[in-house]
Amino acid sequence: MNSMVLVINCGSSSLKFAVMDMAAQRPVLVGLAEKLGLDDAFITFKQDDERISFPLSHPDHRAAMQAMTDHLRQCGLMESIAAVGHRVVHGGEVFKASALIDDAVLAEIEKCVHLAPLHNPAHLIGIHHALEYFHDLPQVAAFDTAFHQTMPEHAYLYAVPMELYRQHGVRRYGFHGSSYRYALREAARILAKPEAELALVCAHLGNGASVAAIRAGQSVDTSMGLTPLEGLVMGTRSGDVDPGLFNHLADEMGMSALQTTAILNKQSGLLGLSGLSSDCRELEQAAAQGHAGAKRALEKFCYQLAKHLAGQLVAAGAIDALIFTGGIGENSAWVRARTIEWMAPLGFALNPAANQDCTRGASGFIHAEGSLPVLVINANEELMIALDTAQLAGLTQTTTQPVALS
Ligand code: ADP
């Protein structure tokens, strides 16, 4: 039975994929080709807790796609795949939802390259290879930005001359849309309330991190902006800084805009503050052993997060739940506890035991009695992309009926 959707997330040096069983709504095989462009490029497949890796014949995306399709054939999965879904970071203002890929859609994704020069070109490479390798299957693009297209003007505009917006697309777009949509879907199920009636404040905390406000089931604000650099402290990204920094570093150090941008994207955030690592788990271990840089980085991370969450409460207007998701949001009881401590004046308090229990795949409520609800949800962007793909490819109908947790 053709009930599988292949989800592809193609980056500049990696190709990540998942074969999603749409009946069970879970992956049956996942894989990752890494170090594309380097001599030691390799691909890893994981199925039923078994993991195997192979070096790639060539260190490029085509070889990765070939290795992936060879493996799918060997596993007998190739015939089951009915459609392919692609993650695309930037869909500009054109894409307000996922889209079935045709020449016009490809041309529009191409037009968004200037908004995401690090991401969209790699996605296009992945899409073109997939169109070749899966030429008889419908293919869908799911955009990280699409969910935030409902943001009102007062949220998406920067206070800069309107020509910069009208002629050059300078506005806030927001990212992590598929993760927020999944969180919304799960919240509706857990709270037994229709998506359209939910007011949520969500934190997606992975290597990239952002928060978003959802009002009546729609995104009304988020912390990332024109690029994924704005907002929270992230693994290696600074989040908010004074734009005057660019000129300051040019005067002080002769730094170009490109050099400053690279520092803000790659050497800042948890890594820059700690001088140790961009990895939250490593920093928690180091902080527990007294590492001053690790403590400093984690403190700043939580403080900035709490301030942004408080701001998103204004946008949401009400709150059915505050949601933590993404690798840090799902696993770091310490980050959640410290963040909620900052938010005590707003009516939040944690149940410490429930908070400690929510790690490594466990999700659920973590607030104390009398607190506003706080919920941990495991991110599942692949499922969201697969559901859109199945729907646009005509494989399913949408059925997002809220059902209370038993
Ligand atoms: P990406 O944005 O690359 O998808 P993830 O969502 O996987 O990233 O999140 C990665 C982050 O989650 C890393 O900072 C990692 O240290 C953190 N993380 C994972 N497990 C834990 C844990 N048990 N405790 C604290 N942080 C964790």
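Both ligands and their constituent atoms are indexed starting at 1 by order of listing. Throughout, numbering of the chain's residues begins at 1 and tracks the sequence.
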(Q) Before you tell me yes or no, could you show the steps for K300 and R296 under side chain to side chain contact (heavy atoms under 4.5 Å, CB included), namely the whole-Å CA-CA distance, both residues' side-chain angles and the distance that decides it to 0.1 Å? (A) CA-CA 6 Å; K300 175 76 189 172; R296 178 194 310 131; 5.8 Å; no

Q: Indicate the ring-plane relationship of F95 and F143, choosing parallel, tilted or perpendicular according to the 30° and 60° boundaries.
A: parallel

(Q) Measuring from atom OH of Y180 to atom NE2 of H148, what distance do you get when rounded to the nearest 0.5 angstrom? (A) 6.0 Å

Tabulate distances under 3.5 Å between N/O atoms of ligand 1 and N/O atoms of the protein, writing both atom names on each line.
unit_1, atom_1, unit_2, atom_2, d
ligand 1, 2 (O), N207, N, 2.9
ligand 1, 3 (O), N207, ND2, 2.8
ligand 1, 6 (O), G327, N, 2.9
ligand 1, 8 (O), N207, N, 3.4
ligand 1, 8 (O), N207, ND2, 3.3
ligand 1, 12 (O), I328, N, 3.3
ligand 1, 14 (O), C280, N, 3.0
ligand 1, 16 (O), D279, OD1, 2.7
ligand 1, 16 (O), D279, OD2, 3.1
ligand 1, 16 (O), C280, N, 3.2
ligand 1, 16 (O), R281, N, 3.0

(Q) Between T325 and I377 (side chain of the first, backbone of the second, donor and acceptor by atom type, cut-off under 3.5 Å), is there such a pair? (A) yes

Q. Which word best sums up how the rings of F365 and H367 line up, parallel for under 30°, tilted for 30 to 60°, or perpendicular for over 60°?
A. perpendicular

Q) Between atom CG of D388 and atom CG of L100, what is the distance when rounded to the nearest 0.5 Å? A) 11.5 Å

